[in-house]
Amino acid sequence: MLVLVLVFALALLAGVLGGVVGTGSSMVLLPALVFFYGPRVAVPIMAVAAVLGNVGRVLAWWRRIDWRPVVAYALPGIPSAVLGAHTLLTIPQRVVDGFLAAFFVAMVPLRRFAARAQWRVRLWHMGLAGAGIGFLTGMILSTGPLSVPIFTAYGLTGGAFLGSEAASALLLYAGKLATFEGAGVLSADVLARGIVIGAAVMAGSFLARRILRNVSTQRYGLLIDVVLLTAALGMSISALR
């Protein structure tokens, strides 16, 4: 119970972070969940929590969502996420931890390069991005640092960006959860923990609305990089245990 209380508090803070910058909740929580429960349990728990967290962001920005890029992104992204989830369930746990750490570190320069390049993404690009990022979402849980520049390059900002990115992520996570359910890894205990943690992330998403207008664009990037490097450190420690 004490562990769950501590994780709940961390999830609330992670929800605020995700609600402000559009990503980061899963990356903050995953190392802690892996430490307490191990990756095979932590990833399904975080998938449940991520669904609820994205529900919170969708509800918070429902009227601002642009559904055209959401649908274009999610249609190829859902089957790709299912494939990625199947891959996750078939590889060794230590490999999962090491891959997560390497991915988070690699995202720092890649995200900065994408921001400098100022790519202009069109609707058909969203489909290509959804296919690739969907697979990674199924396999490694959080790909916010990749999806964020895709949606912003499409021209979405503020609440429209936050709501649209959350809606697309929600659809991808639904496919991933269906895969976990079919594989028998969504036990009642996993669901209960995921719901508790997800409720905290949802609450944090609504709290973030009050502080979003006070965060500059420059601080967005810095926050994302800090989250990525912190998550990479946590996963590296887990892989070496």
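Nothing fancy with the numbering, it's 1 onward along the sequence.
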Over all atoms of both residues, closest heavy-atom pair of [X] and [Y]:
X	Y	answer
L186	E181	CB-OE1, 3.6 Å
W61	G163	CB-CA, 3.8 Å
G127	P76	O-CG, 3.1 Å
L171	I78	O-CG1, 3.6 Å
A200	L12	O-CD1, 3.4 Å
F180	A47	CE1-CB, 4.0 Å

Could you grab the distance from atom [atom1] of [X] to atom [atom2] of [Y], nearest 0.5 Å is fine?
X	Y	atom1	atom2	value
F8	I197	CZ	CD1	10.0 Å
I65	E165	CD1	CD	11.0 Å
L29	M46	CG	CE	5.0 Å
H86	L88	NE2	CG	11.0 Å
L136	L172	CG	CG	10.5 Å

[Y] reachable from [X] in the ILVMFWY side-chain graph, under 4.5 Å edges:
X	Y	result
L89	I45	yes
Y37	L52	yes
L75	Y173	no
V51	L191	yes
I195	L33	yes

What residues form a side chain to side chain contact (heavy atoms under 4.5 Å, CB included) with [X], not counting sequence neighbours?
X	result
S187	D189, V190
A129	Y73, I133, I150
L156	D66, P69, F151, Y154, A160, F161, S164

Where the side chain of S80 meets the backbone of A131, is there a donor-acceptor pair that is under 3.5 Å apart?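 Yes; at least one donor-acceptor contact below 3.5 Å.
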Does G138 offer a backbone N or O that forms a donor-acceptor pair with the side chain of K176 under 3.5 Å? yes
Taking atom CH2 of W62 as the centre, report whether more than 12 heavy atoms of other residues, nucleotides or ligands fall under 6.0 Å from it. no
Under 4.5 Å between any side-chain heavy atoms of V41 and F36, yes or no?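 The answer is no; the side chains never approach within 4.5 Å.
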